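In listed order, ligands and their atoms are each counted from 1. Quick caveat, the model's predicted, so the values are computed rather than measured.
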Amino acid sequence: MVLNPVISKLAGKLVVLASASPRRLEILSNAGLRFEVVPSWFKETLDKGLFKAPHEYAVETAKQKALEVARRMPFKHLKTPDIVIGADTIVTVDGMILEKPVDKEDAYRMLSSLSGKEHSVFTGVAIVVCHEKENEEVDYQLIEFYEETKVKFADLSDNMLWEYINSGEPMDKAGGYGIQALGGMLVEYVHGDFLNVVGFPLNHFCKQLDLIYNRCTSSADQESVSVRLSHNSSHATSILTQPPPGLPAQSSHSPSSKAKHNPSSSPTQNSPPANYTHHTQNSSSANPVHKVKRKSSEGEVDESSWMLVNSLSKHTDDREAEFIYNTTLPLVASSGQVIELNVTEHEDSEPKKDDLQRIIDLMDGFKASKALFTASKMCVFDLLQSRPGLDAAQVAQEIKASVKGTACLLEACVSLGLLKSKPRACQKPVYENTDLSSHFLLSDAPFSLRGYIQHCNDTVWPLFSHLESAVREGANQCEKAFGKTSKDMFQDTFYNSQEAKLRFMNAMHSIAKVTGRAVATAFDLSSFKTACDLGGCTGAMAYEFTKAHPGLSVTVFDLPAVVEMSEHFLPLHTDNRVSFVAGDFFKDDLPKADLYILARILHDWPDEKVGILLSKIANACTAGCGLLLSEIFLDEDRRGPSRGLLQALSMSEGKQSSATDVTDNTLNNTCDILMCNAHS
Ligand SMILES: Cc1cn([C@H]2C[C@H](O)[C@@H](COP(=O)(O)OP(=O)(O)OP(=O)(O)O)O2)c(=O)[nH]c1=O
């Protein structure tokens, strides 16, 4: 399926549909695209006589609709969209272009001209990709295409026509009919894309996005100077001007490649350029970024008066037409005055766009984490699971929060792929969970990480907010973060506060449930009949082991304060092969077992304590025994994985180790060691 990888590329981007057409809204939202609807104010009054072919009119109108919205949004909506989609549907018959009828008589004229004949429906589509730069500059890239579908009407009597017209259906539809509803009865056949007739050529749109986001991002293409698009030549009318977001605009731009603009051929408001400046460059030439300032030197420019002059570079081949979009887009005001246009010179030494994105992602990472923690804590995902389709105000009421704050949180979650928003014409969008949140963020999901997320929010986050002190002192920051020493924290967690204990157990339970199966099935354990999960907490890991190995019984060995709470975490179905023994693994005798399991234990303890624990295990082992270690083991060169290295920054008493660090420790070859890297 072409669409899915494309859709995922658009996740997190502000995609805007510049159309009031309910059909386009429905087609795109049914396809899973998340977008906002901002109807275009562009008046469809271009002079049709100026176009050589009808589709050029549809494409130009689509382009002007999209550009009007792309330019208006930063001013009127105070946000710059990433992508704006515009479309225009027309019907052509006998050399005439039919748009929406203005009244019933007009509808009658249109429909009777279609009776008994084949006609064409063209939808022109324009995708404007916006890049907001510093200094309030915006780069626009434009992708245009069109699709043609042939439709044949049956012979229609006047009675039928008037009955249809009186239904009211024709009035907001090109050609005066709606093929998707009553108008379908008038149609003998359709050749081509049905959705194109309804207002949007979804398939062609997906192919275009696929070309931009998927095929052009191969490393080979990333290296290349100009980004190329293969395009169905029969439908290729248009221009791709810049690599889309995510693609590097890395080459240098030679001054000679600037497009020439002839003011005398400048387009005026609502009329297309009399002739386009065709500007050919060879594929090794530069791929400039065009910065367009929102203000001219004389002050604010009426953005609606801007028109785009296309330059296109086309290399035709019988099999595929290749568009090389290294062209310039001079913007001119209706007066013909050329608005200041900066062309960025790209030096080879300039950082790659991907690198910049990595830094930005790192800078923003904590915001994303905190948005997730907050939405989880405020039960947004649970709420939307039981009541999908609430809008921000309804969610705000349920979670007892401000509407403004809730709307921001919901929108942020949408951008992170945690929620889906469904646009509604002229109404606020409604929200529902994505698969991701349904799997991992609901309280009662089998793989719920909610407990661990709460732990991250309540315990890890405050520690990391004192990271600078932690680094300076090389010590854990419990006192600063919680006003207690780590020893007191431990005491509280296990002995003083039932709530803190349950929270901790919930966290361990959720992470063990999510990772448990992978650990339990990582090795052939058929030679072991009994296992002991040391520090096994709620038994979540132990249950995964018994599920995966029918001949295995597992004893969970943990502190008495933990064991006494374990019944709160019993799974629904259990066959008594998991038992609990209370004790302290540093002090007490370990239960006898063939296999000892230490999952996420060692990193919490200093070397000396790890030594004590491992030698107790070694003493308990007899021939044929094993030790299974599951940890975030560091690479031997300690360059990764970053999950382990970041965990080390919490400066617990323990440390992150590589596999050999652990095996070098004191086991004296008394047992087989099975090491399982739990970094993902
Ligand atoms: C031929 C045909 C057109 N149509 C519709 C699709 C479009 O909505 C409309 C053509 O008008 P358009 O001007 O393309 O679109 P619009 O005015 O509805 O919305 P906007 O300008 O804001 O983008 O006709 C049908 O719904 N069914 C049909 O069978």
Side-chain angles (χ1 to χ4, degrees), residues 15-30 35-46 48 54-70 72-73 84-93 96-102 106-107 110-111 113-115 117-128 144-154 156 164-165 167-202 204-205 270 423 425-426:
V15 180
V16 170
L17 175 63
S19 173
S21 165
R23 278 75 56 175
R24 293 190 184 118
L25 185 152
E26 195 180 345
I27 291 168
L28 285 170
S29 40
N30 283 347
F35 57 92
E36 277 182 23
V37 175
V38 180
S40 182
W41 295 348
F42 178 75
K43 300 255 180 311
E44 298 174 33
T45 53
L46 294 175
K48 299 185 184 72
H55 65 255
E56 289 176 7
Y57 169 79
V59 168
E60 185 65 29
T61 305
K63 186 170 84 185
Q64 296 305 335
K65 287 182 185 181
L67 282 169
E68 187 278 317
V69 169
R72 174 166 32 108
M73 284 190 69
V84 181
I85 303 162
D88 190 64
T89 302
I90 55 168
V91 167
T92 64
V93 66
M96 287 183 299
I97 292 179
L98 309 181
E99 296 183 279
K100 289 166 286 193
V102 290
D106 199 22
M110 288 184 182
L111 288 167
S113 73
L114 299 174
S115 174
K117 284 189 223 151
E118 186 184 88
H119 63 268
S120 288
V121 181
F122 292 98
T123 298
V125 177
I127 305 170
V128 176
E144 309 164 349
F145 61 92
Y146 72 96
E147 186 70 37
E148 177 180 5
T149 305
K150 293 200 186 296
V151 179
K152 162 97 196 291
F153 267 27
L156 305 169
Y164 180 55
I165 292 165
S167 73
E169 191 176 279
M171 298 318 294
D172 64 341
K173 299 182 182 74
Y177 72 96
I179 198 169
Q180 69 276 25
L182 296 176
M185 290 189 270
L186 316 177
V187 169
E188 262 180 24
Y189 65 71
V190 178
H191 285 164
D193 181 353
F194 180 85
L195 291 181
N196 182 51
V197 183
V198 184
F200 200 79
L202 183 63
H204 199 158
F205 174 73
N270 284 5
C426 307

Give a yes or no on whether the backbone of Leu156 and the side-chain of Ser115 come within a donor-acceptor separation of less than 3.5 Å.
yes
Given 3.5 Å as the limit, does a donor-acceptor pair link the side chain of Asn196 with the main chain of Glu147, or not?
yes
Can any side-chain N or O of Lys100 pair as donor or acceptor with the backbone N or O of Met171 at less than 3.5 Å?
no
Heavy-atom contacts under 4.0 Å to ligand 1, chain-then-number order, include exactly Ser19, Ala20, Ser21, Arg23, Arg24, Glu44, Lys65, Ala87, Asp88, Thr89, Lys100, Asp172, Lys173, Ala174, Tyr177, Gly178, Ile179, Gln180, Val197, Val198, Gly199
Is the backbone N or O of Phe200 less than 3.5 Å from a side-chain atom of Arg24, with the two atoms forming a donor-acceptor pair by type?
no
So, does Glu144 use its side chain to make a donor-acceptor pair with the main chain of Val125 at under 3.5 Å?
no
Could I get the full list of salt bridge (Lys or Arg N to Asp or Glu O under 4.0 Å) partners for Glu99, not counting sequence neighbours?
Lys48
